[in-house]
Amino acid sequence: MENVAQSSVKGSHNRRRSRTHIDMTPMVDLAFLLLTFFVLTTSLNKNYVLPIAIPEQNVPDPPPISASKVLTLLLGENDNIYWYQGYPDHPVSKTVFSSQGVRKLLQQKGKEITHMTVLIKASDKSRYKNVVDIVDEMTILGIDRYAMVDITPEEKTLISKYQ
C-alpha cells in the first residue's frame, strides 16, 4: 500500500504540462514585408515653393501705373487687413483676415478695376502665415499684377488709428 501511495505522489510531481511553442518567424517575416511595402509605396512630402516672379532690379523706365488702379493691402496684427484704393489719403477700410473675406474683396475690386495692381505691405506685427495666404489668394484668383512692398511710416500711423 505504501508503494501505491508513493507512486501516486510520484506521478503528480513527474507530470509535465505540455507547453505550446509558437514559432514567431513567419509573423516577423510578415511584419517586415508590410513595413517594406508601406515604405516603398508612400510618397514623401515634397517641399512646396510659392512661385513668385521677381522683376529686374534696374529697369530704366518702369511702366506708369495709375493710382486709381492700385489696391493696397496693409497686413496688421490679429489677422486684420487694412486696405485702400489709390493714395493713402483715401478712406481706409478694415477687414478681418479670412480666405473668404479677402477673396470676396479681391474679386469685387477686380471687377471694378481693370488691370488692377495689388500692393501687399506687411507690418512688423503681422503674421507670416497671412503673407503666404495673400500670395495664395493672388494665385487662386489669377491676379498677376501684385507686388510685396515695404510699409511706409504714414501707413503705420493709418493702421494705429484704426486699432
Side-chain angles (χ1 to χ4, degrees), residues 7-59 62-63 65 69-85 92-152 155-156 159-160 162-163:
S7 66
S8 64
V9 171
K10 282 183 182 179
S12 65
H13 288 290
N14 289 338
R15 186 170 35 162
R16 293 185 181 184
R17 290 187 180 177
S18 63
R19 295 186 181 181
T20 57
H21 177 70
I22 300 175
D23 188 14
M24 298 297 281
T25 306
M27 190 169 75
V28 172
D29 287 344
L30 180 64
F32 277 111
L33 281 173
L34 286 173
L35 180 67
T36 305
F37 172 76
F38 287 121
V39 166
L40 294 177
T41 58
T42 58
S43 62
L44 300 176
N45 288 340
K46 296 175 184 164
N47 291 337
Y48 178 73
V49 178
L50 286 173
I52 297 177
I54 300 173
E56 296 178 21
Q57 292 296 322
N58 297 323
V59 178
I65 299 173
K69 295 185 179 223
V70 175
L71 177 69
T72 304
L73 301 176
L74 305 171
L75 306 179
E77 64 181 325
N78 299 328
D79 298 337
N80 290 325
I81 296 180
Y82 306 91
W83 60 272
Y84 61 89
Q85 182 179 345
V92 176
S93 299
K94 174 184 169 183
T95 184
V96 177
F97 187 87
S98 67
S99 61
Q100 197 173 34
V102 172
R103 190 172 293 169
K104 278 184 182 179
L105 170 69
L106 291 172
Q107 284 174 339
Q108 176 188 4
K109 290 297 178 182
K111 289 177 184 175
E112 293 174 11
I113 307 168
T114 56
H115 303 294
M116 175 177 68
T117 301
V118 179
L119 298 179
I120 303 167
K121 300 182 178 188
S123 70
D124 297 335
K125 297 178 181 178
S126 65
R127 294 175 28 188
Y128 179 73
K129 178 187 179 302
N130 291 348
V131 175
V132 172
D133 289 343
I134 287 291
V135 173
D136 281 344
E137 288 298 323
M138 298 295 158
T139 305
I140 290 169
L141 294 173
I143 300 172
D144 55 350
R145 293 180 179 203
Y146 65 92
M148 297 184 72
V149 186
D150 292 333
I151 193 167
T152 63
E155 291 167 333
K156 287 181 182 180
I159 290 175
S160 63
Y162 282 93
Q163 290 177 351

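All residue numbers refer to positions in the sequence shown, counting from 1. Bear in mind the structure is a predicted one, so any value in this text is a computation, not a measurement.
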Test side-chain hydrogen bond (donor to acceptor under 3.5 Å, both in side chains) applied to K109 - qualifying residues, sequence neighbours left out
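Once residues adjacent in sequence are excluded, the partners of K109 under the side-chain hydrogen bond (donor to acceptor under 3.5 Å, both in side chains) criterion are Q85, E112.
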side-chain hydrogen bond (donor to acceptor under 3.5 Å, both in side chains) with T25: which residues, sequence neighbours excluded?
D23
Side chain to side chain donor-acceptor pair (under 3.5 Å), that's the test. Do Y146 and E137 meet it? Break it down for me.
CA-CA 11 Å; Y146 65 92; E137 288 298 323; over 6 Å; no
How far does [atom1] of [X] sit from [atom2] of [Y], to the nearest 0.5 angstrom?
{"X": "D133", "Y": "R103", "atom1": "CG", "atom2": "CZ", "result": "10.5 Å"}
{"X": "D144", "Y": "H115", "atom1": "CG", "atom2": "NE2", "result": "10.0 Å"}
{"X": "D136", "Y": "L141", "atom1": "CG", "atom2": "CG", "result": "10.5 Å"}
{"X": "I151", "Y": "I120", "atom1": "CD1", "atom2": "CD1", "result": "12.5 Å"}
{"X": "I159", "Y": "L74", "atom1": "CD1", "atom2": "CG", "result": "4.5 Å"}
{"X": "D150", "Y": "L119", "atom1": "CG", "atom2": "CG", "result": "11.5 Å"}

For L71 and L106, what are the C-alpha separation, side-chain angles and deciding distance, and is it a side-chain contact (heavy atoms from CB on, under 4.5 Å)?
CA-CA 9 Å; L71 177 69; L106 291 172; 3.9 Å; yes
Contact between L73 and L105 at the side-chain level, heavy atoms closer than 4.5 Å - yes or no?
yes
Any non-hydrogen side-chain atom of I143 less than 4.5 Å from a side-chain atom of M138?
yes
Which residue, V135, V118, I134, forms the side chain to side chain contact (heavy atoms under 4.5 Å, CB included) with M148?
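Exactly one pass, corresponding to V135.
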Please check: side-chain N/O of S126 versus main-chain N/O of E77, any donor-acceptor pairing under 3.5 Å?
no
Atom CG of D29 with >12 non-hydrogen neighbours under 6.0 angstrom:
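More than 12 within 6.0 Å, yes.
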Greater than 12 external heavy atoms within 6.0 Å of I22's CD1:
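Not buried by this count: 12 neighbours or fewer within 6.0 Å.
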Using 4.0 Å as the upper bound for N to carboxylate O, is an ion pair formed by D79 and K129?
no
Is there a side-chain contact (heavy atoms from CB on, under 4.5 Å) between T117 and K69 once you walk through the steps?
CA-CA 6 Å; T117 301; K69 295 185 179 223; 5.6 Å; no
Can you name the nearest heavy-atom pair linking S123 to G76, along with the distance?
OG-CA, 3.6 Å
